[in-house]
Amino acid sequence: MDRRYDPHAVEAKWQRIWKERDAYRTPDESGKPKFYCLDFFPYPSGDGLSVGHCRNYVPTDVVSRFFRMRGHNVLHPMGWDAFGLPAENYALKMGVHPRVTTERNIANYHRQMDMIGLSFDWSREITSSLPDYYRWTQWFFLLMYERGLAYRGTGQQWWCPSCKTILANEQVEQGRCWRCGSDVGKKDLEQWYFRITDYAQRLLDDLATIEWPEQIKLMQTNWIGRSEGAEVDFALPDRDEPLTVFTTRPDTLFGATYMVLAPEHPLVDELTTPERRAAVLVYQDQARRQSEIERLSTEKEKTGVFIGGHALNPVNGAEVPIWISDYVLMGYGTGAIMAVPAHDERDFQFATQFELPIVEVIAPPSGAQGTLSEAYIGDGVMVNSAGFDGLAAPGEAFAAVVDWLGERGLARRKVNFKLRDWLISRQRYWGAPIPIIHCEQCGPVPVPADRLPVLLPDLEDFHPTDDGQSPLARSAEFVNAACPKCGGPGRRETDTMDTFVCSSWYHLRYASPRHDVAAFDRDKVDYWLPVDLYVGGAEHAVMHLLYARFFCKVLQDAGYVDFGEPYSTLRNQGMIQAEDGQKMSKSKGNVVTPDSVVELHGADSLRVYELFIAPFEQSVAWSDRGVQGCSRFLSRYWNLAAEVVAAQGIGVAAGGAETERGRALLRSLHKTIRKVTRDVESFRFNTAVSAMMELQNEALDVWAGARGALSLAEWRELLATFTLLLAPMAPHVAEEVHEQLGGEGSVLDVAWPSWDDELAADEVVTVVVQVNGKLRDRLAVAVDAEKDDVLAAARAGANTQRFLDGKQVVKEVYVPGKLVNFVVK
RNA sequence: GCCGAAGUGGCGGAACUGGCAGACGCGCCGGACUCAAAAUCCGGUCCCGUUCACGCGGGGUGCGGGUUCGACCCCCGCCUUCGGCACCA
């Protein structure tokens with residue numbers, strides 16, 4: 001064995017051997033329990049992987065190898081979320097077709113992943129932009145369509161002027177496009193939606209059944225936004241149909257002094273009086289043209305106009321004026337509200353602005369206020385509410401008012417959700433075509449499943465346009481198609497699908513990636529799914545992670561799978577910032593790539609450092625020096641291994657002190673096995689690495705100063721076990737040392753070491769002695785020492801004596817094996 | 001504004017269920033090796049005071065209170081940073 005650690009030689013050797021042995025091929029059947037360990041579906045960017053990405057892939061690789069050593073059949077696949085805007089924008093920038101750039105980027109990602117020694121089963125690699133994959137993405141669209149979950153709708157939608165496409169609700173962040181950060185505006189287009197709102201309640205309920213970070217569950221809960229209330233009908237003087245509003249506070253109905261409709265509300269036109277029409281049209285136009293940013297920036301001031309019409313409050317017949325304002329959203333509830341300025345902050349602000357009446361109908365516990373200086377939204381009792389006065393609100397008052405109105409057919413209980421349907425059409429080229437043909441006779445007709453895929457044509461010019469038309473619309477060859485139903489002339493749907501559709505089911509594809517008669521082989525999916533461990537960044541909390549859950553439930557309802565949640569356990573890794581604490585980005589020029597780190601220190605050092613740098617879920621700044629520390633750790637490990645391999649004839653020394661050091665070292669070994677095992681199980685990789693470092697430091701000390709403390713066989717055994725613990729983290733160097741120590745086959749096929757609690761148990765422990773809670777002394781005490789003996793020894797300590805002298809001990813606290821505390825006066 | 005998470009040496013962080021604060025690593029300081037440097041190895045490294053020295057004392061986990069024999073950990077009130085939501089009636 002070489003005396004010097006040469007990571008590049010070792011890594012090249014073992015990567016070659018792994019490839020030759022096809023070491024990471026996963027069989028579909030085995031007597032072992034299965035473990036499905038999955039990383040978020042990556043988009044293969046032109047920039048390649050940074051060390052930040054490795055923060056995701058290294059830990060999952062460690063867990064995969066760990067489970068494999070613990071006797072599991074592990075599925076650890078990788079593939080590419082290759083469709084989508086970034087790929088297309090990158091291709092436009094480079095002036096090359098996205099198919100070409102995507103292939104190139106994938107090859108680079110693949111190379112980098114091999115370079116850092118990830119144990120993917122590449123025979124299962126999938127690429128969402130290839131027809132044998134998107135064929136099934138299209139099949140999922142048909143499934144949604146068949147089940148009434150895919151529909152076409154019109155209305156104002158988020159439009160990103162830079163990406164030149166419509167966005168889903170989830171993809172707008174603070175009024176900006178989640179991808180490019182441009183201000184989004186609104187556009188009227190006919191679009192395809194998936195009816196995710198049908199699943200709102202189940203998406204909410206089933207969060208209780210999965211082991212996900214509480215923060216993510218909370219974000220989904222808030223996004224789904226369930227609220228319980230009632231729909232209340234306000235009669236309109238010259239109209240049969242009432243104006244219906246949604247409210248969570250029907251108990252405040254007597255305080256409703258005006259109503260507000262969303263500017264786009266369909267009744268606005270009808271209810272506007274001739275003298276108000278001009279002002280209403282101006283306001284509607286202004287509201288429509290506003291970008292989301294402008295709307296948010298004017299948040300302080302409420303705007304709106306009176307439309308001239310009135311409605312009748314169902315509880316007292318009062319005539320209330322109707323206004324329109326952009327603070328009422330068409331997409332939520334009924335798009336209309338009853339305004340109760342006394343008990344709603346927004347209504348209060350609006351009423352103050354436009355001098356509308358404010359009537360107190362809920363008195364706080366301290367008594368009615370008469371005139372309010374701000375909205376009172378707390379609990380209280382009803383006042384100014386005729387027969388309902390005195391009821392506790394909202395509690396019993398809510399029920400009383402809704403029941404009273406319910407008996408008259410004017411209200412019913414209603415649950416509303418903030419969640420909107422998922423808008424899936426995109427006016428861009430690089431995506432899976434929506435498999436629909438619009439027929440003049442039959443309307444939209446789905447392409448039959450056996451005629452999938454609808455191939456994405458190889459367009460030369462795939463530039464997006466501002467007019468809301470997909471580039472596919474420019475290809476007559478693509479557009480013109482016969483109606484599958486009547487055979488008459490038809491036009492293909494030219495929008496493509498949001499890439500989140502591709503990533504909503506990919507985890508199923510890995511179970512049977514080459515299956516060509518269905519999206520997946522049921523038996524294989526029954527065996528492998530759901531995913532046991534899913535790891536990725538927290539930024540997909542309400543996008544991918546919500547959509548994939550929705551897909552799973554649809555499949556369950558359709559009888560294709562028998563589970564309702566795709567990912568049993570989810571973990572979010574922390575991000576890695578540049579050394580200066582800033583976000584790594586190509587434009588800032590501060591990106592650290594695994595290539596540069598591997599070149600300098602080797603893949604194993606990179607891997608160990610990725611684990612050691614900080615707690616897994618925590619963001620942290622990169623440090624080149626830090627990697628060096630991990631590289632030194634592996635070098636010392638190599639040196640010790642080389643010396644032990646070369647050593648001959650050392651034996652147990654006669655001296656008692658030396659044998660005790662040997663016993664202590666073996667005790668540390670068993671403690672370390674225990675700690676590393678538990679730490680890896682619970683994602684505490686940083687402390688697992690530090691425990692290994694501690695053990696190694698001790699072993700090096702003993703080797704340098706008292707190597708006779710252990711026999712050569714014991715040294716070899718110690719090193720072999722250490723190597724097994726290291727194997728998931730630094731697989732290349734572990735393979736080499738394993739082989740040098742005479743191990744058979746791959747270190748991965750050796751069983752994970754077990755510890756002996758007895759061997760790990762301390763014989764002597766340190767008991768600290770405190771006086772009034774302050775540390776005064778330490779005692780080395782046998783673990784099984786009697787309480788009285790320990791107390792006596794504690795009292796006898798010279799330093800302790802100084803603090804007990806002349807004082808009266810009023811209490812003695814004794815925690816076996818831990819401490820003694822004398823409380824004195 | 002609302003919801004959530006986090007504040008520990010020069011830095012990343014450790015401390016199990018309320019029981020030795022600062023493990024491990026980086027950096028820094030000193031030493032060895034070397035003609036020299038790098039690499040490597042050995043020792044030191046929370047702050048203040050005290051001692052020739054081994055030591056010893058005091059303070060210390062964002063700030064202010066509280067509970068407890070004992071608090072980085074539990075409770076109350078603040079401050080700061082980060083993440084999410086942002087007129088959802």
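Note that the coordinates shown come from a computational prediction; the quantities given were computed from them, not determined experimentally. Letters A, B, ... mirror the listed sequences (proteins, then strands); counts begin at 1.
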Q) Considering only side-chain heavy atoms of L218(A), which listed nucleotide, G13(B), C3(B), G12(B), is closest? A)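 The answer is C3(B), which lies nearest to the side chain.
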Specify the residues of [range], ordered by number, for which at least one heavy atom lies under 4.0 angstrom from an atom of RNA chain B.
range	value
residues 411-421 of chain A	K418(A), R420(A)
residues 244-254 of chain A	F246(A), T247(A), T248(A)
residues 332-343 of chain A	Y332(A), I337(A)

Q: Name all pairs fulfilling the salt bridge (charged side-chain N to carboxylate O under 4.0 Å, His left out) condition that reach into residues 685-701 of chain A, sequence neighbours left out, sorted by first residue then second.
A: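 Qualifying pairs, neighbours excluded: none.
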Q) Does R55(A) use its side chain to pair, donor to acceptor, with the backbone of L611(A) at less than 3.5 Å? A)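 Answer holds: no.
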**Q.** E812(A) side-chain N/O to L791(A) backbone N/O, donor-acceptor pair under 3.5 Å
**A.**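 Looks like no, no N/O pair under 3.5 Å.
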**Q.** Pairing residues for R674(A) by the salt bridge (Lys or Arg N to Asp or Glu O under 4.0 Å) criterion, not counting sequence neighbours
**A.**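 R674(A) satisfies salt bridge (Lys or Arg N to Asp or Glu O under 4.0 Å) with D757(A) only.
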Q | For F398(A), ring-ring contact (aromatic ring centres under 6.0 Å, His included) partners two or more places apart | A | none
Q: For each nucleotide in nucleotides 17-30 of chain B, reading 5' to 3', give B when a protein heavy atom comes within less than 4.0 Å of its base, S when such contact involves only the sugar-phosphate, and - otherwise.
A: --BB--BBSSS---
Q) Excluding sequence neighbours, so at least two apart, what forms side-chain hydrogen bond (donor to acceptor under 3.5 Å, both in side chains) with D347(A)? A)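 D347(A) satisfies side-chain hydrogen bond (donor to acceptor under 3.5 Å, both in side chains) with Y327(A) only.
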Q.
Applying side-chain hydrogen bond (donor to acceptor under 3.5 Å, both in side chains), can you list everything that pairs with W223(A), at least two apart in sequence or on another chain?
A. E170(A)
Q.
Tell me which pairs pass side chain to side chain donor-acceptor pair (under 3.5 Å) where either residue lies in residues 251-267 of chain A, with sequence neighbours left out.
A.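 Side chain to side chain donor-acceptor pair (under 3.5 Å) check on residues 251-267 of chain A returns R249(A)-D251(A).
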Pairs under 3.5 angstrom, nitrogen or oxygen only, protein versus nucleotides 59-61 of chain B, please.
residue : atom : partner : partner atom : Å
G59(B)  : OP2  : K774(A) : NZ           : 3.4

Q.
Side-chain N or O of R684(A) versus OP1/OP2 of A15(B): is the shortest distance under 4.0 Å?
A. no
Q: Go ahead and write out RNA chain B as dot-bracket, 5' to 3': ( ) for pairs within the strand, [ ] for ones crossing earlier pairs, | when the partner sits on another strand, dots for unpaired; Watson-Crick or G-U wobble, both distances under 3.5 Å.
A: (((((((..(((......[....)))((((((.......))))))(((((....)))))..(((((..]....))))))))))))....
